[in-house]
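Written out below as structure tokens is the structure these notes cover.
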Amino acid sequence: MSRVYNFSAGPAVLPECVLQEAAAEMMDYRGTGMSVMEMSHRSKAYQQIIDEAEADLRSLMGIPENYKVLFMQGGASQQFAAVPMNLMKNKVADYIITGQWAKKAWQEAKMYGTANAVASSADKTFSYIPDCSDLPISENADYVYICENNTIYGTKFWELPNTKGKDLVSDVSSCFLSEPVDVTKYGMLYGGVQKNIGPAGVVIAVIRDDLITEDVLPGTPTMLRYKTHADNGSMYNTPPAYGIYICGKVFKWLQNMGGLEAMKEHNVKKAKVMYDFLDASQLFQGTVVAKDRSLMNVPFVTGDADMDAKFVKAATDAGFVNLKGHRSVGGMRASIYNAMPIEGVEKLVAFMDKFEKENR
Ligand SMILES: *Cc1c(COP(=O)(O)O)cnc(C)c1O
């Protein structure tokens, strides 16, 4: 068996010990004589798995009592519709456009009401986070929406926008559990787990109780109502049972790693190795304004598409895979999520240094 260093933006690298544990439990989960995949979600064994996953997530993030944790399906993209359907009571919301995921969410919301783009960094290819300290927030806005870490462009909100009292809704897909978070600053945060937590197919949302109501837009499907999932412990129907089980293992791994403070320290260290190299390199350049750099997704270019392609190929041959940038932007992108060990980043940088010396 040989494992590569996988820099994929998602689905992405998971901790090896989690994969090993899951493999060991595959044929017989703790004396049940079956795998978790084959188990009734109404069984005692599964109830314990989902309950423990929620309890561990709550303790990791310090989620207050008045917030619900919902395990749902449909990917982060499904939430682009679910958010307005559930939360647009006045049919008005303000969106901050910092990349493709925010833009898609905004376009979806426009189907359900007035969705205003109150700020954007489209003018400079989303290479920065706009100043959000004094935006023209709509008086009757139901919420203000951001994509907190921009997976494609490699920017991150290091300061949350001033929402002028409106509830903040945040897509945290690609920075979920990468650092401590003050949940009380959000009305709702959510993310697809395939970037930093588990297998594709699970979406986790953390929502303040009072935002979960029957008062949703007409025509909102039962499965897209937050109340349906909140009232049924995320088991109104069959949940993505195996995926939630893996998420639970990742939560335990995070606890063993020392929790989110320790994870942030680890992530800062890893990202510094990348950015310090890029800042000193004559061949490679980072594409993002320094103060808005993501700890999770590091895009970079050589400025020459042929050289980029040559690098991606050479890196792949050397066991550093999935470094090609998003199809919409080109260049390279190293996604260095929680589970990427620092050795992976150090070896990548050593490889880049060698490539630079050979290609200057
Ligand atoms: C990947 C990603 C999405 C889309 O996730 P799907 O689960 O494929 O719908 C949305 N937002 C962000 C920030 C992402 O990184």
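Counting starts at 1 for both ligands and their atoms, following the listed order. Only heavy atoms go into these numbers, but all of them, side chains included; no hydrogens, no water, no symmetry mates.
Those atoms of ligand 1 that come under 4.0 Å of a heavy atom in Thr151, given as number and element, are 12 (C), 13 (C), 14 (C), 15 (O). Atoms of ligand 1 found under 4.0 Å from any heavy atom of Ser173 (numbered from 1 in listed order, with element): 11 (N), 12 (C), 13 (C), 14 (C), 15 (O). Residue-ligand proximity, Gly75 to ligand 1, at heavy-atom distances under 4.0 Å covers atoms 7 (O), 9 (O).
Placement of Met34 and Met26 within a single hydrophobic cluster is found when ILVMFWY residues are connected by side-chain heavy-atom separations under 4.5 Å, directly or transitively.
If you check the side chains of Asn297 and Thr151, you find no donor sitting under 3.5 Å from an acceptor. Ser173 and Asp171 share a side-chain donor-acceptor pair at under 3.5 Å.
Between Glu108 and Lys104 there is no salt bridge, since none of the side-chain N atoms of the basic residue sits less than 4.0 Å from a carboxylate O of the acidic one. A salt bridge between Lys269 and Glu265 is absent, with no side-chain N of the basic residue lying under 4.0 Å from a carboxylate O of the acidic one. Using a 4.0 Å cut-off between a side-chain N of Lys or Arg and a carboxylate O of Asp or Glu, Asp292 and Lys124 do not qualify as a salt bridge.
Around CD of Gln48, the count of heavy atoms belonging to other residues, nucleotides or ligands within 6.0 Å does not exceed 12. Within 6.0 Å of CD on Glu159 lie no more than 12 heavy atoms contributed by other residues, nucleotides or ligands.
For atom 11 (N) of ligand 1, the closest non-hydrogen atom on the protein side is Asp171 OD2, 2.6 Å. Among protein heavy atoms, atom 1 (C) of ligand 1 sits closest to Lys195 NZ, 1.4 Å. Protein heavy atom at the shortest distance from atom 9 (O) of ligand 1 is Ser77 OG, 2.6 Å. For atom 7 (O) of ligand 1, the nearest protein heavy atom (residue, atom name, distance) is Gln194 NE2, 2.8 Å. Among all protein heavy atoms, the one lying closest to atom 5 (O) of ligand 1 is Ala76 CB, 3.5 Å.
For Gly192, the closest heavy-atom approach to ligand 1 does not fall below 4.0 Å. Ligand 1 lies out of reach of Gly10, whose nearest heavy atom is not under 4.0 Å from it.
Evaluated by nearest non-hydrogen atom to atom 3 (C) of ligand 1, the leading choice among Tyr190, Trp101, Phe80 is Trp101.
Of the polar atoms of Gly74, none of the N or O atoms is found under 3.5 Å from an N or O of ligand 1, judged by distance alone. Looking at Asn149 next to ligand 1, no N or O pair under 3.5 Å apart turns up.
Ring geometry, Phe284 versus Phe300: the interplanar angle exceeds 60°, so the pair is classed perpendicular (tilted spans 30 to 60°).
Contacts between Cys147 and ligand 1 below 4.0 angstrom, taking non-hydrogen atoms only, involve the side chain exclusively. At a heavy-atom distance under 4.0 Å, no atom of Gln78 approaches ligand 1.
Side chain of Asp167 to main chain of Tyr143: no donor-acceptor pair is present (N/O by atom type, distance under 3.5 Å, no hydrogens or angles).
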